[in-house]
Amino acid sequence: MEEEPETKHRADLAALIVLVAAFGVAFIALMVSTGFVQRLDTAISEARQLENLSDYPGRPTAASPESAAPLNYLMLSSDTDKDLNAAVVVHVNAERTDLALVVLPPTVEVQGRGQTLGEAFIDQPLEVWKDVEELTGTRIDHQIIIWSDRLDGVIRALGGVSLHAGDSPRDAAELYNHVMSSLNKTERAHRASEVMEAVLLRITVQDAVSDPDRFNAVMDQITTCVQVDKGLSAEEVRDTVMQLRISTDAIRRVEVPVVPAEAIVAKDVAEATPVSQPLAPAQVATGPSEAVMVEPEWVDKLQLSFAADDFSTLG
């Protein structure tokens, strides 16, 4: 089969600014006009800002700026009432040819932390950043909060979004209801990430850079529904977009399997207790709880995938 030229792949890219700042969506890496670059810079500069995560003992080491390295963006999808829908790590590989969306439900509890990602997000969003670094064993470069109940303008500028091929486009209210009508928060994370992926494909098909009016309309709405950390500069986004060579079939969504937290706690207690000694009731978590943990073998898989910069065996 004849290999497609690199310029075709570059022309098919969605812009990283929307990927990073709104849904995990990126616009085309071919920046041929000064107006495009200036508009991108303005959108980043005008977005509301978050604090950066300070270094802490044992924090994963940052990549050397002199060498090509993967990029990791933690995107937190939430309502403005701080009800977290999903935590999604957007991983761009070092060669800038592959992209993975690693999906975690808000009920995930990092072992030893004693609170879920959703609980931490309410008062201390930076703790979520730290929790995800500890879970994945990798440095998260930037954190972005997406306020899902303020996305009306973005979805409207796109002309609606279809979740599956052949479906009619849905407006923002329909997409929001699709996410919020989930039976539980694990399913909600699945649906929120499903919307992210659908928007990515929608923007790729629309070829937003060739439609400056649509592009400007989307950029105008981005700043109303996202916050980005202070370390994410317009220059960094621009440089990253110029390096991208991602085709749509190189985008992978990985939904991390979870189990009830009390099941893991009970298992740990049982393994630490001599067979002749029965478990005391206080040793096992009781009562209903939404808290979940990533399956232990999957913690290892995740950390190995991030370390190897390769998610091809997951999802």
Side-chain donor or acceptor of Q227 paired with backbone N/O of R48 under 3.5 Å: no

Any donor-acceptor pair under 3.5 Å from D229 side chain to N52 backbone: no

Mind listing the closest non-hydrogen atom pair of [X] and [Y] along with its distance?
X	Y	result
A189	P106	CB-CD, 4.3 Å
S77	M196	CB-CE, 4.1 Å
R253	E197	NE-OE1, 2.8 Å
E174	P169	OE1-O, 4.2 Å
W129	E51	CZ3-O, 4.0 Å
Y73	V92	CE1-CG2, 4.4 Å

With F306 via ring-ring contact (aromatic ring centres under 6.0 Å, His included) - residues at least two apart: H91, F311

Answer whether the closest heavy-atom distance between the side chains of [X] and [Y] falls below 4.5 Å.
X	Y	result
L101	S193	no
R188	D83	yes
L50	L126	no
L163	R170	yes

Evaluation steps, side chain to side chain donor-acceptor pair (under 3.5 Å), between Y176 and N85: CA-CA 11 Å; Y176 182 76; N85 297 325; over 6 Å; no

Heavy-atom neighbours of E235 CD exceed 12 at 6.0 Å: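 No, not enclosed.
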
Spacing of [atom1] belonging to [X] relative to [atom2] belonging to [Y], to within rounding of 0.5 Å:
X	Y	atom1	atom2	result
L76	I144	CG	CD1	8.5 Å
R245	R96	CZ	CZ	10.0 Å
D300	E295	CG	CD	12.0 Å
S78	D149	OG	CG	7.5 Å
N93	N72	CG	CG	10.5 Å
L104	D131	CG	CG	10.5 Å

Stepwise side chain to side chain contact (heavy atoms under 4.5 Å, CB included) check, D309 with E95: CA-CA 10 Å; D309 193 16; E95 290 75 23; 4.0 Å; yes

Ionic contact status for R252 with D310, cut-off 4.0 Å: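 Not counted as a salt bridge, because no side-chain N and carboxylate O are separated by less than 4.0 Å.
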
